[in-house]
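Because only heavy atoms are used, hydrogens play no part in the values below, and waters and symmetry mates are left out as well, while side chains stay in. Within every chain, numbering begins at 1; the chains are lettered A, B, ... in the order of the sequence lines, protein sequences first and strands thereafter. No experiment lies behind these values; they were computed from the predicted model shown.
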Amino acid sequence: MPELPEVETCVRYLSSALTGDTILQQTSFRSDLRFPIHPSLQNSNQSLTIQSIIRQHKYIVFKTNIPDLDFSIHLGMSGVLRLVPSDTITLKKHDHYQINFQSNRSLILNDPRRFGSVLYVNQLNHNPAPCALNKLTSQLLSSICNQSKQPIKTLLLDQKKISGLGNIYACEALFLSKISPYQLANTLKPLQLRSLSFAIKLVLKKAIRYGGTSIRDFKSPDQSLGYFQHHLWVYNQENKPCRRHGCVGQITRQAQTGRSSFFCATCQK
DNA sequence: AACAATACCTGACAGC
DNA sequence: TGCTGTCAGGTATTGT
């Protein structure tokens, strides 16, 4: 489910809803998510005041009045958060973690595939990769690409090189910049690099504006759906005509390093 | 050191 | 209806 725009959508909602609120209790219903939830984090009554909620790469980071206890949530592939009044909670299948707030609201993490995580911030590995939304410049992209013989699509998905893109937005950005997912990164020309750098930021900003992409199950913590799935050019558009003005091609889907690449072979060269 | 393959999990869906 | 196989938006780990 969640790539950068979906995480950003969650963070913006949670930040405005929960900044200044105080955590009364954190409870895990099962601790075997992607990584074990630290024993002192789960089932803790430590009172923590939320000072801010920010996005670090694809992690939702809760900054508190006790920085050593700052923690993060990663949504993995199928994680969904919901913020609900504490007195009306009905727990659902795959609810794994609950945070109760003084304001009588609870934040609940539901994650069927359990690829998500709840970790202290100091358990996170430092990732120096530039954020695709905020830190990626054409020059940076150029130097990252010059060092890699991977296909550009594969490189875009590598969070250690550039953080934030997943399969949807990598496909969309390559379409916008008319670049084939198979072109080797170190063969991109300066014009292509500028175009791609621009396209990445454009598609992410637009997706955030539409509240993310809800293809299967993405929801904001207020349960609302994103709308960007209606604006996708190639992702999930297999066999549809290419919508680029003047192009008569068709969107194809091909497996590339284990992931589906959607693109128009006619205009993405 | 860079890269590809694998593994972690459940659910939805297509085809039989 | 129920079985089987395939696929899913992420990423750490393992092997080459």
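Of all nucleotides listed (dG9(C), dC7(C), dT11(C)), dT11(C) comes nearest to the side chain of Arg34(A).
Base pairing in DNA chain B gives the following stems of 3 or more Watson-Crick or G-U pairs, range against range and under 3.5 Å: B:2-8 with C:10-16, B:10-16 with C:2-8.
Atom C1' of nucleotide dT10(B) and atom NZ of Lys92(A) are separated by 16 Å, given to the nearest angstrom. Between the P atom of dC9(B) and the CZ atom of Phe35(A) lies a distance of 12 Å, rounded to the nearest Å. Here the P atom of nucleotide dA12(C) and the NE2 atom of His57(A) are 11 Å apart, to the nearest Å. In this structure, CE of Met77(A) is placed 14 Å from P of dA12(C), rounded to the nearest angstrom. Atom CZ of Phe262(A) is separated from atom P of dA8(C) by 7 Å (rounded to the nearest Å). A straight line from CG of Asn167(A) to P of dA8(C) spans 7 Å, rounded to a whole angstrom. Here the C1' atom of nucleotide dG9(C) and the CZ atom of Arg253(A) are 13 Å apart, to the nearest Å. We find that CD of Gln256(A) is positioned 14 Å from C1' of dC3(B), with the value rounded to whole Å.
Of the residues in residues 150-166 of chain A, Gln159(A), Lys160(A), Gly166(A) come within less than 4.0 Å of DNA chain C through at least one heavy atom, sorted by number. Applying a 4.0 Å cut-off to non-hydrogen atoms, the residues of residues 113-129 of chain A that approach DNA chain C are Arg113(A), Phe115(A), listed by residue number.
Atom CG of Leu157(A) is separated from atom CD1 of Ile162(A) by 10.0 Å, given to the nearest 0.5 angstrom. Taking CG of Asn146(A) as the start and OG of Ser148(A) as the end, the distance is 10.0 Å to the nearest 0.5 Å. Taking CD from Gln223(A) and CG from Leu225(A), the interatomic distance works out to 9.0 Å, rounded to the nearest 0.5 Å.
Here Tyr59(A) lies in heavy-atom contact (under 4.0 Å) with sugar-phosphate atoms only. At a threshold of 4.0 angstrom between heavy atoms, the contacts of Tyr169(A) with the nucleic acid are absent.
Regarding contacts with the backbone of dT11(C), a side-chain N or O of Lys58(A) is found under 4.0 angstrom from either OP1 or OP2. At least one side-chain nitrogen or oxygen of His94(A) sits closer than 4.0 Å to the OP1 or OP2 atom of dG11(B). Between dG10(C) and Arg259(A), a contact under 4.0 Å exists linking OP1 or OP2 to a side-chain N or O. In this structure, Ser260(A) does not reach the dC7(C) phosphate: none of its side-chain N or O atoms is under 4.0 Å from OP1 or OP2.
Distance check on atom C1': dA12(B) versus dT11(C) gives 23 Å, rounded to whole Å. Rounded to a whole angstrom, the distance from the C1' atom of dG9(C) to that of dC3(B) is 23 Å.
Environment of CZ in Phe29(A): crowded, with over 12 heavy atoms of neighbouring residues, nucleotides or ligands closer than 6.0 Å. Around atom NZ of Lys206(A), more than 12 heavy atoms belonging to other residues, nucleotides or ligands sit under 6.0 Å away. Remark: Phe198(A) CZ is loosely packed, at most 12 non-hydrogen atoms of other residues, nucleotides or ligands lying under 6.0 Å away. The neighbour count for Lys63(A) NZ, taken as heavy atoms of other residues, nucleotides or ligands under 6.0 Å away, does not exceed 12.
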Carefully, step by step, assess Lys153(A) and Asn167(A) under the rule side chain to side chain donor-acceptor pair (under 3.5 Å). CA-CA 9 Å; Lys153(A) 164 78 182 322; Asn167(A) 207 28; 2.8 Å; yes
List the steps and the verdict of side chain to side chain contact (heavy atoms under 4.5 Å, CB included) for Leu4(A) and Cys131(A). CA-CA 9 Å; Leu4(A) 185 151; Cys131(A) 167; 3.8 Å; yes
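Side-chain atoms of Asp95(A) and Asn110(A) include a donor-acceptor pair closer than 3.5 Å. Looking at Gln26(A) and Tyr97(A), their side chains do bring a donor and an acceptor atom within 3.5 Å of each other.
Below 30°, between 30° and 60°, or above 60°: for Phe228(A) and Tyr169(A) the angle between ring planes is between 30° and 60°, a tilted geometry.
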